[in-house]
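First up is the structure itself, then whatever we jot down about it.
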Amino acid sequence: MDITTTPAWSAALDSAAAISQTTLKDLFDGDSSRTETLSVEVLVGKDALLVDFSKQNIDKNSLQKLIAVAEQAGVERKRNDMFAGVIINGTENQPALHTALRAPLETSINVDGVDVMKEVHRVRTLVNDFAESVRSGSVTGATGKKFQSVINVGIGGSDLGPTLVHEALSSSTTPAVRAHFVSNIDPTDVRAVLQNCDPETTFVVLCSKSFSTAETLSNGRIIAQWISDAVGSKNASKHFAVVSVFPEKAASAGLSADYAFPMWSWVGGRYSISSAVNLVNVIAFGSNAFDNMLVGMRAMDEHFMTEPLHRNAPVLMGLLNIWNRSLLGRETRAMIAYSTALKSFASYVQQLEMESNGKRVTVDGQPVSLPTSPIVWGGVGTNAQHAYMQLLHQGTSVVPADFIGVAATPTRDTEAHDVLVANLFAQTQALAFGNSAEPHRTLPGNRPSTTLMLSSLTPHTLGALIALYEHSVFVQGCVFGINSFDQWGVELGKKLAAEVSAQISAPSQTGGTDASTANLVQWYNKHRSNT
Ligand code: F6P
């Protein structure tokens, strides 16, 4: 169904036109209960996540219209299908079951007639037990020395999630084993990491859902050689674990690993942080931290499953993104975390959202008739204020923004932390209400934002925050009518990269290539380093 042909969509469009005649100031002045109605708190044990949508250009009426759009798009039915393991990723003939990874053992979820929950919990125990053995030193390297460093080798979903979790948890917990992350095929990336590690005490997690990703294979081989050179090729495999749907592919790629942790084709790479993909952090921070992160994710899953649409944080967040992108035409959305520990959150959500919803055809292969994913970008506050916030305040484009903050700091510097958070709140205030002054100094205001506050940055709140965005992306995909779980757009570039690599090795083979690329290959060959 094309949502844009429905009366619900027409009503939402009318509502968007009406809201464009109002300002946030009018909306706050006209409704004293606005903040309450438009804020949702999700609790995880003693921790809390508050989402305040009140500084979005929305009122009760337009919210109702958006909820009608969600109903029309079948968001609740599709959500239930996703959790139940129905095949919703049609082009890959797969369910999308990342939520099974944090569901209790007694849940029953069938894929191809097999209940997957036993296997999910078996692998979780395997990961936790193995990580504890590395931490305690009962699993060692080839020369019997305790591992001091762990390198996660992966890219995209096999890197961005582990990196985010690592940075976030490092702010309050010192990792027991130093973690490093290698993703890019740029050899300077891997060499820079190796410079800071000792091969005898380094453990390597080769993390790749498909185990066919060129970057990961290349980096894995460089590291395997580096370890073999130091400990001998016979026992180098003691330093390697593989996390993959196809662990057996490692050996055929020339990468021997003593340890293997499965994942499943029904977990998308960008949705895989609740799987063995997080092994590097279970080694660094321990199994409790992983379990607690999954508790946080599960709390958000339950909230998403049970709360009515108008009090459901992922639903509201998804619908407000539809509102800004598809109904009001805002092309980008900024993500600004007022927490250095969350400095990679924008990159994480960028992949999650743009790879999931950057699509131009519907599930039936028909062209979409509405703008899909916004361009998601961002960084860290307050740095952003001294770099690009100028445009958000006074530029000619309206850029909706998500501001993320943390109430408690793990340091003793509460005064500095108060100023950090004050800046976050002040930015949202300036964007919403602006000022009046002479033209150069005028901020027009009426610029929308959502504020997300974590009581403190713990595995609980981090898990809940990640799951919130996962589900918000899902809600948007339902309304767009697209498949949020495939990523065919990245394939052509991979194929062409292999072809161009062959042309670089044999420059006379550039026949049939476009003139620009042939010229670039020629120029590159003239200047490349020859070893
Ligand atoms: O090329 C895109 C992509 O497939 C992402 O979807 C994925 O997260 C990343 O590459 C890495 O893939 P893999 O985990 O299979 O190495």
Side-chain angles (χ1 to χ4, degrees), residues 88-89 91-98 101 123 127 151-165 181-186 189-190 204-224 240-255 257 260-281 344-359 373 376 466 469-470 473-474 477 482-501:
I88 56 171
N89 175 0
T91 64
E92 295 176 333
N93 199 28
Q94 294 286 349
L97 266 179
H98 42 287
L101 302 173
V123 175
V127 166
I151 306 177
N152 185 76
V153 185
I155 197 163
S158 298
D159 166 67
L160 291 163
T163 300
L164 165 70
V165 170
F181 297 84
V182 172
S183 53
N184 198 349
I185 200 163
D186 181 343
D189 191 12
V190 59
V204 183
V205 180
L206 299 168
C207 196
S208 174
K209 179 182 170 184
S210 61
F211 221 86
S212 61
T213 304
E215 290 86 341
T216 303
L217 297 183
S218 168
N219 286 322
R221 288 192 188 112
I222 290 173
I223 300 175
F240 286 86
V242 175
V243 176
S244 182
V245 177
F246 309 104
E248 69 285 356
K249 281 197 191 174
S252 32
L255 291 163
F261 300 93
M263 53 192 291
W264 303 274
S265 49
W266 37 261
V267 177
R270 53 194 174 274
Y271 297 86
S272 64
I273 191 57
S274 26
S275 74
V277 162
N278 200 26
L279 176 60
V280 60
N281 290 312
S344 296
F345 194 62
S347 302
Y348 179 80
V349 174
Q350 189 172 58
Q351 185 204 13
L352 181 67
E353 198 153 340
M354 292 172 74
E355 202 172 69
S356 296
N357 288 345
K359 307 282 165 67
S373 176
V376 177
I466 292 172
Y469 276 87
E470 285 177 350
V473 167
F474 173 78
I482 59 168
N483 177 359
S484 298
F485 297 101
D486 60 11
Q487 56 285 319
W488 297 106
V490 299
E491 293 306 318
L492 179 61
K494 290 183 191 172
K495 181 173 164 276
L496 293 179
E499 287 175 21
V500 175
S501 293

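Along the sequence shown, residues carry numbers from 1. We count ligands from 1, going down the list as the structure has it; atoms in each ligand are counted the same way. Heavy-atom basis, side chains included; hydrogens, waters and symmetry copies ignored.
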**Message:** According to salt bridge (charged side-chain N to carboxylate O under 4.0 Å, His left out), does anything in residues 262-272 pair up with another residue at least two apart or in another chain? List the pairs.
**Reply:** Arg270-Glu355
**Message:** Give me the residue, atom name and distance of the protein heavy atom closest to atom 8 (O) of ligand 1.
**Reply:** Gly157 N, 2.7 Å
**CG-OG distance between Asn278 and Ser274, expressed to the nearest 0.5 angstrom** = 8.5 Å
**Prompt:** Counting both backbone and side chain atoms, is some N or O of Thr216 under 3.5 Å from an N or O of ligand 1?
**Reply:** no
**Request:** Under 4.0 Å from a heavy atom of Lys209: give me the atoms of ligand 1 that qualify, with their elements.
**Result:** 13 (P), 14 (O), 15 (O)
**Request:** Using the ring pair (Phe, Tyr, Trp, His ring centres under 6.0 Å) rule, pick out the option among Tyr348, Phe345, Tyr271 that qualifies with Tyr469.
**Result:** Phe345
**Protein contact to atom 15 (O) of ligand 1 [nearest heavy atom, distance to 0.1 Å]** = Ser210 OG, 2.6 Å
**Rounded distance [0.5 Å steps], CG in Leu160 versus OG in Ser344** = 7.5 Å
**Message:** Could you identify the single nearest non-hydrogen protein atom to atom 9 (C) of ligand 1 and state the distance to 0.1 Å?
**Reply:** Ile155 O, 3.7 Å
**Test item, Glu215 contacting ligand 1 (heavy atom, 4.0 angstrom)** = no
**Item:** CA sep, side-chain torsions, deciding dist, call: Glu499, Lys495, salt bridge (Lys or Arg N to Asp or Glu O under 4.0 Å)
**Value:** CA-CA 6 Å; Glu499 287 175 21; Lys495 181 173 164 276; 3.3 Å; yes
**Prompt:** Below 4.5 Å, heavy atoms only, C-beta onward: do Ile273 and Val165 meet side chain to side chain?
**Reply:** yes
**Prompt:** Which residue from Lys494, Arg270, Glu355 reaches closest to atom 6 (O) of ligand 1 through any of its heavy atoms?
**Reply:** Glu355
**Request:** Decide whether the shortest distance between a heavy atom of Glu491 and an atom of ligand 1 is less than 4.0 Å.
**Result:** no
**Request:** Number the atoms of ligand 1 from 1 as they appear, then name those within less than 4.0 Å of a heavy atom of Gly156, with their elements.
**Result:** 8 (O)
**Message:** I'd like to know if the side chain of Asp486 reaches the main chain of Trp488, judged simply by a donor and an acceptor atom lying under 3.5 Å from each other, with no hydrogens or angles considered.
**Reply:** no
**Prompt:** Should you measure from each heavy atom of Thr213, which atoms of ligand 1 turn up under 4.0 Å away?
**Reply:** 12 (O), 13 (P), 15 (O), 16 (O)
